[in-house]
There are 2 protein chains.
Amino acid sequence: MPTRIAIFEDNDRLRETLTHLLQMNDYEVVGNYGRCDEAATIVRVYKPDVVLMDIDMPGESGITGVKLIKEARPHTAVIMYTVFEDDEKLFQCLCAGANGYLLKKTSPARLFDAIQEVLEGGAPMSPTIARKVLLSFQSGAAGAKKYDLSAREIEVLQWLTKGYSIKSIASEMNLAFDTVRSHLKNIYRKLHVNCGKEAIAKAISERIV
Amino acid sequence: MPTRIAIFEDNDRLRETLTHLLQMNDYEVVGNYGRCDEAATIVRVYKPDVVLMDIDMPGESGITGVKLIKEARPHTAVIMYTVFEDDEKLFQCLCAGANGYLLKKTSPARLFDAIQEVLEGGAPMSPTIARKVLLSFQSGAAGAKKYDLSAREIEVLQWLTKGYSIKSIASEMNLAFDTVRSHLKNIYRKLHVNCGKEAIAKAISERIV
DNA sequence: TGGGGAATCACTCTTTTGGGGGAGGTCTAT
DNA sequence: ATAGACCTCCCCCAAAAGAGTGATTCCCCA
């Protein structure tokens with residue numbers, strides 16, 4: 001049986017074009033919609049295998065759309081299909097559960113590949129997107145250098161981000177309690193924070209450690 | 001001029017095969033090595049555009065290899081080429097700065113595509129790898145459900161992970177100081193931690209919030 | 001050779017946190 | 001209606017953390 005596809009895209013012209021394009025290639029388009037407010041109901045009723053989701057639409061955004069679909073029918077594969085390539089929207093989509101992320105400049109051939117890929121459990125992404133995703137993992141030295149942390153300070157910060165108390169850190173590093181505290185004071189100053197909790201939040205979210 | 005490629009792979013047979021395969025397709029293999037202890041020097045001297053890097057090798061691992069190469073010559077594109085698809089090794093490679101991650105079952109055609117893709121600033125990944133990467137962004141509800149946190153507790157935890165003090169959280173949420181503390185006590189119990197610092201570390205690294 | 005940063009440790013003082021209670025209200029499900 | 005959750009707030013007390021100040025080494029480098 002053919003792959004069932006639903007399209008959420010507010011540009012009427014593009015939506016129709018996509019629909020025809022897919023139909024000509026033996027896909028079954030089970031619905032095409034200009035907004036995704038009812039996305040949850042739609043996927044429950046029409047049970048698409050794959051959803052192509054735009055981001056910028058009237059009413060609920062495609063980001064919300066992904067959330068709705070993933071809550072309603074988690075195994076539905078959702079491929080974002082958008083012009084946006086800014087980090088903000090990208091990572092919001094990924095966190096919402098998107099299975100792929102294609103830019104609209106993607107060729108039809110690649111679009112078909114992507115649909116196939118996502119059906120096989122992959123995660124199709126446009127090259128620049130994949131790059132952003134991998135870059136988001138880059139860690140360590142960059143952040144530490146940025147804040148000019150010394151080797152010892154980095155070490156203390158690493159223990160801190162594991163949730164260790166000052167006493168425990170001192171014990172682990174074979175240092176006096178006050179020495180660790182001294183390092184921490186310098187760390188807080190360099191990171192522009194006022195307490196260990198902020199330091200942990202900053203260190204982890206900016207991947208300093 | 002042809003693309004310059006260096007190969008780090010401890011299996012002699014595979015290494016030779018790869019070398020010939022690449023040479024037959026107009027790539028210039030500037031070196032192939034059975035270990036990556038000297039990777040830093042090698043990339044500095046031979047200036048490859050792309051490096052194919054195995055993980056399991058005698059001496060330094062390929063993960064260390066990526067770090068060395070990225071420190072020595074950051075714009076060198078490194079594609080992991082390995083049989084491993086466990087999360088541990090995968091994310092270590094990505095954090096070390098890998099630009100791509102291919103499983104050894106990848107077809108030669110796809111390998112060439114990947115080299116081209118990484119040269120164009122992309123991030124070639126085998127489908128199952130790409131999937132793991134995207135999955136690592138899935139956040140929120142999953143973790144929160146796992147630890148059975150209530151809506152209010154999640155809200156408090158979110159403020160906490162931003163580094164807010166109890167007093168500030170109370171102020172932000174228009175609650176009494178003791179109410180926030182009460183929520184925190186329950187959060188700590190549910191997360192199996194003993195203090196806010198541990199809670200922040202756990203919440204962020206497990207993407208509970 | 002003198003300055004400066006890093007690393008080490010010490011003391012005091014105040015504020016913040018965590019752990020232990022308890023208590024009253026709402027809401028839901030049985 | 002009764003039990004069990006959340007959510008809300010209160011008290012006490014001890015431990016931990018933060019802020020300020022200062023001192024001693026060691027090593028690098030200008």
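Order of the sequence lines fixes the chain letters, A, B, ..., with proteins taken first and strands second; residue numbering starts at 1 for each chain.
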In plain terms, say whether B:E85 and B:K104 are close enough for a salt bridge, that is, a side-chain N and a carboxylate O under 4.0 Å apart.
-> no

When only distance counts, do a donor and an acceptor, one from the side chain of A:K185 and one from the base of D:dG20, lie under 3.5 Å apart?
-> yes

Six-ring centre of A:Y147, A:K190 cation under 6.0 angstrom, axis tolerance 45° = no

Hey, where on DNA chain C does chain B first and last touch, going 5' to 3'? Cut-off is any atom under 4.0 Å from a heavy atom.
-> C:dT16 to C:dG20

D:dC7 phosphate, OP1 or OP2, under 4.0 Å from B:S182 side-chain N/O | no

Of A:E16, A:M53, A:R15, which meets side chain to side chain contact (heavy atoms under 4.5 Å, CB included) against A:I7?
-> A:R15

If you round to the nearest 0.5 Å, how far is OG1 of A:T128 from CG of A:L90?
-> 9.0 Å

What nucleotide, of D:dC10, D:dT8, D:dA19, holds the atom closest to the side chain of A:Y188?
-> D:dA19

Before accepting this row, confirm whether a basic side-chain N of the pair A:R35/A:D10 lies closer than 4.0 Å to the acidic partner's carboxylate O.
-> no

Close aromatic pair by centroid cut-off 6.0 Å: A:Y81 and A:F8 = no

Can you check whether B:K197 has a side-chain N or O nearer than 4.0 Å to OP1 or OP2 of D:dA16?
-> no

Specify the separation, in whole Å, of atom CG of B:N186 and atom C1' of D:dC7.
-> 10 Å

